[in-house]
Colleague: 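I am attaching a structure below and will ask some questions about it afterwards.
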Amino acid sequence: MKNEFYIGYINKLPKQTAKTIKKSIFVLIFVFVASGVVIALHHQKVSNSKFELGQLSTIEGYYFNEPVPMIKLLEGKDIHGNHIFKSIPLVNYAKFGVEELVGIYEEENKISLQGKKVKIVGTYLYDDGKALFELTKRAESILEVSSLNDPAIKEMIQPKIEKLGVNSIKGEIVDSKCYFGAMRPGFGKTHRACAVRCISGGIPPVLAATNYSGEVNYFLIRGSEKEAINKEVLPYVAEPVRLTGELVKIDDWMVIYVNPKSGIERVKN
Amino acid sequence: MSHQYKAIHWNPQKKAYDLLIVLLIISYLLAFVGVSAIIHPNLDPVNLLIRAFGSLSLLLLHLVLIIGPLCRLSARFLPMLYNRRHLGVSTFLIAAFHGILSLIQFHAYGDSNMLISLFTANTQYTSLAQFPFQVLGFFALIILFFMAATSHDFWLKNLGQNFWKRLHMLIYLVYILVIMHVMLGVIQLESSPLLVIFLCIGFSLVIGLHLLAGWKEVKLDRQLQELKDDGYLLVGSINSWEEGKARIVNNGKQRIAIFKNGNEFSAISNRCAHQGGPLGEGQVIDGLITCPWHGYQYRTDDGCSPPPFTEKVSTFNLQLLGDKILVDPIPNQPGTKGEQVKL
Amino acid sequence: MTKAQRKLHLLSWIVLSICIPLGFISSFLVIPDKIMQENVFLNKSIQLENILTKSSHDNLIVLLRSDSEKSKYQLEVIITTPFKTPEVGTYISSSQNFIMDEAYYLGNLGSANGKLFSLPSSLVQQEQIQVVLFDPIKNELLKQITITP
Ligand code: HEM
Ligand code: FES
């Protein structure tokens, strides 16, 4: 054994060396397979969200640009006979919001979409009782816009606004597009940079707040003057934060109106 | 060897080695992707690949790092060293796939250039918990790129062995960068202790083996130094050699390998002109001193590789005193004849 | 390797053997705690104590609850595996044939835990209650369950 000498370009392994190498190969294959299994098992944070990638749908609903650009669909009547709507925020293709796209469309066609009935084509994203819609074909996603003539319908579609006063909510700022389906998982530290890109590109930021029973509540984040504060929230994305501001429920979405200078703070351990 | 630079001088050992690399890569990917697909069917397929290739490159990096000390501890691991550069290049390629996929997935298609976004999307450089961990991976990848790009013997020769060695020692920096890339990245997200334990085992193994091998070598260096009055070093009695093998002494700066080849004793530098492999742990094959690492060969009398090869190592002068062999600690010019002892 | 190179290697590893565990432990210690929002003022109703009926249907558990005086009623719907549809609206239908315009909308189901909806007692007095899960976005009937109070 002492005299064993391996030379790579001579195609022969000495006996003891061959034994060691054979054993090592088995150990290596075992370690590689076992690591693959164990590391795959350790990942836990995968959400349930869905992005219907490649599956275009057409929807028709009422367009509102407050608190964020969204389409409203009638969902039914409650026990008291009130009409209940589902609001579906709109996002653009890739990491962009739709505000600019809608602005250009309105300018080119000399109409305002606000309160109109619109027909759009795109892709659904959804999770946990919330749905979003991606204008996958960008400006070409807007197929039809029609004005409402019936005052009863105009009245019916007015947002139901419920003011809940000033409050502080602890949670994580996420970009709504990735969180609700475009990326799974679309939250947390490893997703931070991506969320920053999306919010910076105009995707509505959302505060996701988990309560002790494991439920997550979602709050659209707007400035105290109802303005978009996407740029201002960027440094706080994907971190534990506390937002303080006026809480308002608009149809089925909660909105928190935050003063970007004083209403956002990091939560320390 | 390097008389002519080809991309790869294929031989059966290298092919077997590369086959094993491919086998390991495939078995890891199949295990990881298979299990993930079953237990997390909703995981984004791109994120799945990012994770699979990221963790695979870290595993390969561990393997690359432990081969060195393993070979210092036992020569039986030497076949793993023979083609280690292919393992290194594979590690780089797998890491590059992970990095580029991450750049595209998390930074592309937005309102900023991908590479600018990598550095500016998360600016919490002063916070440990929120540190932009992707930047650490990026620097690790850049270093791996330079190492992979210069891994060929062409570069070894043209950059010089010392510079090349130093460049390739940056793998240690890569290692700590990647450990922190994982600790400040995925570990901050996932609460499972498993990956933490895995990482702990990994770096304990790597650090432990290196310290063990390093300690052994430094101790050996100390033992090998035994100066005689007239400045010559005592090697040992002529009966203490095994045929075709060397005894090693240390002149305070480097080790000297004194080989016995039949009735003839000759001394050359212990440091192979290729990557600095320990010639004294090699053997005389067909009259030529053969390096245990990649098999470069040198003539016993003048330390030159036989034509057409052009490598040279220093020789040293020997003396016989009674039945003891002594060596002059001052090297001759590389490739010049040294005084041999012939019985 | 020369002696100097060997020393450099050993030194590098001594430095690494300090730096790696240090970086490792410190980054472990700063992992932020999971933040919880204790402020549960939002549409949080309390479960009524009596369970009148309970039934399981594939990925659903449906309970009819009431208080001890039987003056208030609740429908609790627990989802075990979420539906893969954009919306899961919960409706009470007055007939076997679900027509959205004629049904009562109670609210939507998220993915987590159960949801409580209060029911007017007039509905519970009926012989049968048709609970319908319907996706108004895709116009898809997801589930129809009959409860006999
Ligand atoms: C441009 C360079 C790089 C970028 C942008 C990058 C980005 C990322 C991102 C975003 C993650 C988190 C993935 C997730 O949460 O699913 C990650 C994880 C990881 N990265 Fe990198 N990385 C880079 C280079 C590297 C290199 C060079 C290595 C190793 C040699 C590496 C090893 C890892 C490992 C082991 C993980 C954890 C995988 C897991 O989830 O188990 N990365 N990287
Ligand atoms: S170091 Fe490569 S052959 Fe000697």
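Just so we're on the same page: letters track the sequence lines, and every chain starts at 1. The analysis underlying the following values was restricted to heavy atoms, covering all of them including side chains, and did not include hydrogens, waters or symmetry mates.
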Colleague: Regarding A/Glu52 and C/Lys138, does a basic nitrogen lie under 4.0 Å from an acidic carboxylate oxygen?
Modeller: yes
Colleague: Determine whether C/Tyr104 and A/Asp78 make a side-chain contact, defined as any pair of heavy atoms from C-beta on separated by less than 4.5 Å.
Modeller: no
Colleague: So which atom in C/Pro86 and which in A/Tyr124 form the shortest heavy-atom distance, rounded to 0.1 Å?
Modeller: CG-CG, 4.2 Å
Colleague: Is chain A contacted by the side chain of C/Ser118, its backbone, both, or neither, given a heavy-atom distance below 4.5 Å?
Modeller: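 The answer is the backbone of C/Ser118.
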Colleague: Quick one, A/Ile88 and C/Ile137 - any side-chain contact, counting heavy atoms below 4.5 Å?
Modeller: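 A side-chain contact under 4.5 Å exists here.
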Colleague: Any side-chain heavy atom of A/Lys170 within less than 4.5 Å of one from C/Met36?
Modeller: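 Answer no - side chains too far apart.
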Colleague: For the atom pair OH (C/Tyr105) and CG (A/Leu74), what is the distance rounded to the nearest 0.5 Å?
Modeller: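 Taking OH in C/Tyr105 and CG in A/Leu74, the distance rounds to 10.5 Å.
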Colleague: Heavy-atom distance under 4.5 Å to chain A: side chain of C/Ile92, backbone, both or neither?
Modeller: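 Neither part; nothing is under 4.5 Å.
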Colleague: Using non-hydrogen atoms only, which part of A/Ile79 is less than 4.5 Å away from chain C: side chain, backbone, both, or neither?
Modeller: both
Colleague: Side-chain contact test, heavy atoms from C-beta onward, threshold under 4.5 Å: evaluate it for A/Arg242 versus C/Ile35 and give yes or no.
Modeller: no
Colleague: Contact between A/Lys77 and C/Tyr91 at the side-chain level, heavy atoms closer than 4.5 Å - yes or no?
Modeller: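 Side-chain contact under 4.5 Å: no.
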Colleague: Would you find more than 12 non-hydrogen atoms of other residues, nucleotides or ligands less than 6.0 Å from C/Lys70 atom NZ?
Modeller: no
Colleague: Could you measure the distance from the CZ atom of C/Phe83 to the NZ atom of A/Lys50? Nearest 0.5 Å is fine.
Modeller: 15.0 Å
Colleague: Which atom pair, heavy atoms only, marks the closest approach of C/Pro136 to A/Glu75?
Modeller: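 That closest heavy-atom pairing would be CG-OE2, 3.5 Å.
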Colleague: For a quick test of reading the model, state the closest non-hydrogen atom pair linking C/Glu87 to A/Gly129 and the distance between them.
Modeller: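 Heavy-atom minimum between the residues: OE1-O, 3.7 Å.
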